[in-house]
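Heads up: the structure comes next, in structure tokens.
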Amino acid sequence: MTTSLPMLHDRVLTWFAAHRRDLPWRGRDGERPDPWAVMVSEFMLQQTPVSRVLPVFETWMERWPTPADLAAASSGDAIRAWGRLGYPRRAQRLHAAAGAIASEHGGQVPDDYATLRELPGVGDYTAAAIASFAYGRHHVVLDTNVRRVFTRVIAGEQYPAKAVTAAERTLAADLLPDDDADLWAAATMELGALVCTARAPHCEACPVTDLCAWRAAGYPEGEQRPTGQAWAGTDRQVRGRLMAVLRDAPGPVHKTTLDLVWDEAGQRDRCLASLLDDGLAVLVEDDLFALPGH
DNA sequence: AACACGTGGTA
DNA sequence: TTACCAAGTGT
């Protein structure tokens, strides 16, 4: 390796000390944050920008300050409070995870990766993030920001592979410092989020430009990513519209109201059926639908 | 391993 | 305006 690891670490950590955002789920002045706050934020931040999470997080934590508080509510209340963050199944899974924490873990967010990983909605990233940020555990935390930073600085490429590779994981483990791994995780994520961004990176503000392999190679452009599925007309769009109606209604909604969100009956009915199947909506009585009451 | 899963901001 | 992108997970 040509890059000096201590130098890379020092640069990133020094930069983080100066530019770290004071986000509400982060602990104040060196203290550990509330693990529940960390967990709620991690669920909300899955595929969702910080700016959109902020207001929902605040009201959520006021309403449900502990896992037991959320567990005592209905999943429908959680889905409604989730608002327009997207992927309402995350709200459903967070509610289910809170129930498991209340009933099986004494109301305390588990402090180890393996136990966290068993909770619904907690995958590799989220388990590592909660264990690291809430409890100071030593884990590789590989999110889209960290992957992009390492891919550029070390591998010299613009974008990481679509899925995490074994080589990537090995590299991240090699870079993980023995001490303060949680601080390293937060710092590399923050660098990716604020400086080494996907679209137009702020290389002039980057603490490791002189160590960056992508820069040294002249910023070669990565391969064009295959165009994803178009949005218009997808089941996701239809499901989103149906959920918006159910969320915004104070009580059960008649099917004739849901029918207004989409004119093609086949797709509309199929999507409503899938929402029932997913447990994101329930049939209250004939032709009356609502968010789940439990 | 590829695909489904919401939503809104930005270039 | 279309397309990309945002602290991923489950199947």
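Naming convention: chains lettered A, B, ... in sequence-line order (proteins, then strands); numbering from 1 in each chain.
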Rounding to the closest angstrom, what is the interatomic distance between dC4(C) and dA4(B) at atom P? 16 Å
Please give, in whole Å, the distance from dG6(B) C1' to R80(A) CZ? 17 Å
Going by heavy atoms in the side chains, are C206(A) and T209(A) under 4.5 Å from each other? yes
Whole-Å gap separating C1' (dG6(B)) and CG (D278(A)): 13 Å
Between protein and nucleic acid, restricted to nucleotides 8-11 of chain C and to nitrogen or oxygen atoms under 3.5 Å apart, what atom pairs and distances do you find?
from	atom 1	to	atom 2	distance (Å)
dG8(C)	OP2	Q47(A)	N	3.0
dG8(C)	OP2	Q47(A)	NE2	3.2
dG8(C)	N7	Q47(A)	NE2	3.4
dT9(C)	OP1	G123(A)	N	2.8
dT9(C)	OP1	G123(A)	O	3.4
dT9(C)	OP1	T126(A)	N	3.0
dT9(C)	OP1	T126(A)	OG1	2.7
dT9(C)	OP2	Y125(A)	N	3.4
dG10(C)	OP1	G121(A)	N	2.6

In whole angstroms, the gap separating P of dA7(C) from CZ of F16(A) amounts to 14 Å
Indicate every side-chain donor-acceptor pair of residues 50-57 of chain A with a distance under 3.5 Å to a residue at least two apart or in another chain.
from	atom 1	to	atom 2	distance (Å)
R52(A)	NH2	R84(A)	O	2.9
R52(A)	NH2	L85(A)	O	3.3

Would you indicate what W82(A) reaches in the nucleic acid, counting non-hydrogen atoms under 4.0 angstrom: base, sugar-phosphate, or nothing? nothing
Going through the distances and angles, do S75(A) and H294(A) end up as a side-chain contact (heavy atoms from CB on, under 4.5 Å)? CA-CA 6 Å; S75(A) 65; H294(A) 298 284; 5.9 Å; no
Rounded interatomic separation in angstrom, taking CG from L280(A) and P from dG6(B): 7 Å
Would you mind writing out the side-chain donor-acceptor pairs for residues 150-157 of chain A within the sub-3.5 Å range, not counting sequence neighbours?
from	atom 1	to	atom 2	distance (Å)
T151(A)	OG1	R147(A)	O	2.6
R152(A)	NE	Q158(A)	O	2.8
R152(A)	NH1	T197(A)	O	2.8
R152(A)	NH2	Q158(A)	O	3.4
R152(A)	NH2	T197(A)	O	3.4
R152(A)	NH2	A198(A)	O	3.3

Quickly, which of D287(A), D269(A), D286(A) forms a side-chain hydrogen bond (donor to acceptor under 3.5 Å, both in side chains) with K255(A)? Name it, please. D269(A)
Polar atom pairs (N or O), protein with nucleotides 9-11 of chain B, under 3.5 Å:
from	atom 1	to	atom 2	distance (Å)
dG9(B)	N2	R199(A)	NH2	3.3

Measure from CD on Q92(A) to P on dG6(B) and round the result to the nearest Å. 10 Å
Rounded off to whole Å, could you give me the NZ-to-P distance for the K162(A) and dC4(C) pair? 12 Å
Using atom P of each nucleotide, how far apart are dG6(B) and dT11(C) to the nearest Å? 14 Å
Is it true that Y113(A) and D124(A) share a donor-acceptor pair across their side chains at a distance under 3.5 Å? yes
Indicate yes or no: at least one non-hydrogen side-chain atom of L246(A) is less than 4.5 angstrom from one of L258(A). yes
Between dA7(C) and dA11(B) - C1' atom distance, rounded Å: 23 Å
Do you know the tightest heavy-atom contact between D235(A) and R270(A)? OD2-NH1, 2.5 Å
Measuring from the side chain of A198(A) (C-beta onward, heavy atoms only), which nucleotide among dC5(C), dG6(B), dC5(B) has the closest atom? dC5(C)
Can you confirm whether R26(A) sits close enough to P33(A) that some side-chain heavy atom of one is under 4.5 Å from a side-chain heavy atom of the other? no
Name the nucleic acid region contacted by R147(A), choosing base, sugar-phosphate or nothing; use a 4.0 angstrom heavy-atom cut-off, strictly under. nothing
Parallel, tilted or perpendicular, as decided by the 30° and 60° cut-offs, for the rings of W64(A) and W60(A): perpendicular
Determine, step by step, whether R11(A) and D210(A) satisfy the salt bridge (Lys or Arg N to Asp or Glu O under 4.0 Å) criterion, reporting the C-alpha distance in whole Å, the side-chain angles of both residues, the deciding distance to 0.1 Å, and the verdict. CA-CA 11 Å; R11(A) 296 273 194 81; D210(A) 57 320; 2.7 Å; yes
Tell me which residues in residues 239-252 of chain A lie within less than 4.0 Å of DNA chain B, going by non-hydrogen atoms. R239(A), G240(A), R247(A)
Report yes if some heavy atom in the side chain of H254(A) is under 4.5 Å from a heavy atom in the side chain of F289(A); otherwise report no. no
Sugar-phosphate only, base, or nothing, as touched by I79(A) at under 4.0 Å among non-hydrogen atoms: nothing
Report yes if some heavy atom in the side chain of W262(A) is under 4.5 Å from a heavy atom in the side chain of Q237(A); otherwise report no. yes
Would you indicate whether the side-chain heavy atoms of L116(A) and T126(A) approach each other to under 4.5 Å? no
Mark yes when over 12 heavy atoms from residues, nucleotides or ligands other than E58(A) sit less than 6.0 Å from its CD; otherwise mark no. yes
Nearest whole Å is fine: how far is dG8(B) C1' from R236(A) CZ? 13 Å
Where along residues 177-197 of chain A does a heavy atom come under 4.0 Å from DNA chain C, residue by residue in number order? M189(A), A193(A)
Give the rounded distance in Å between these two atoms: CZ of R90(A) and P of dA7(C). 12 Å
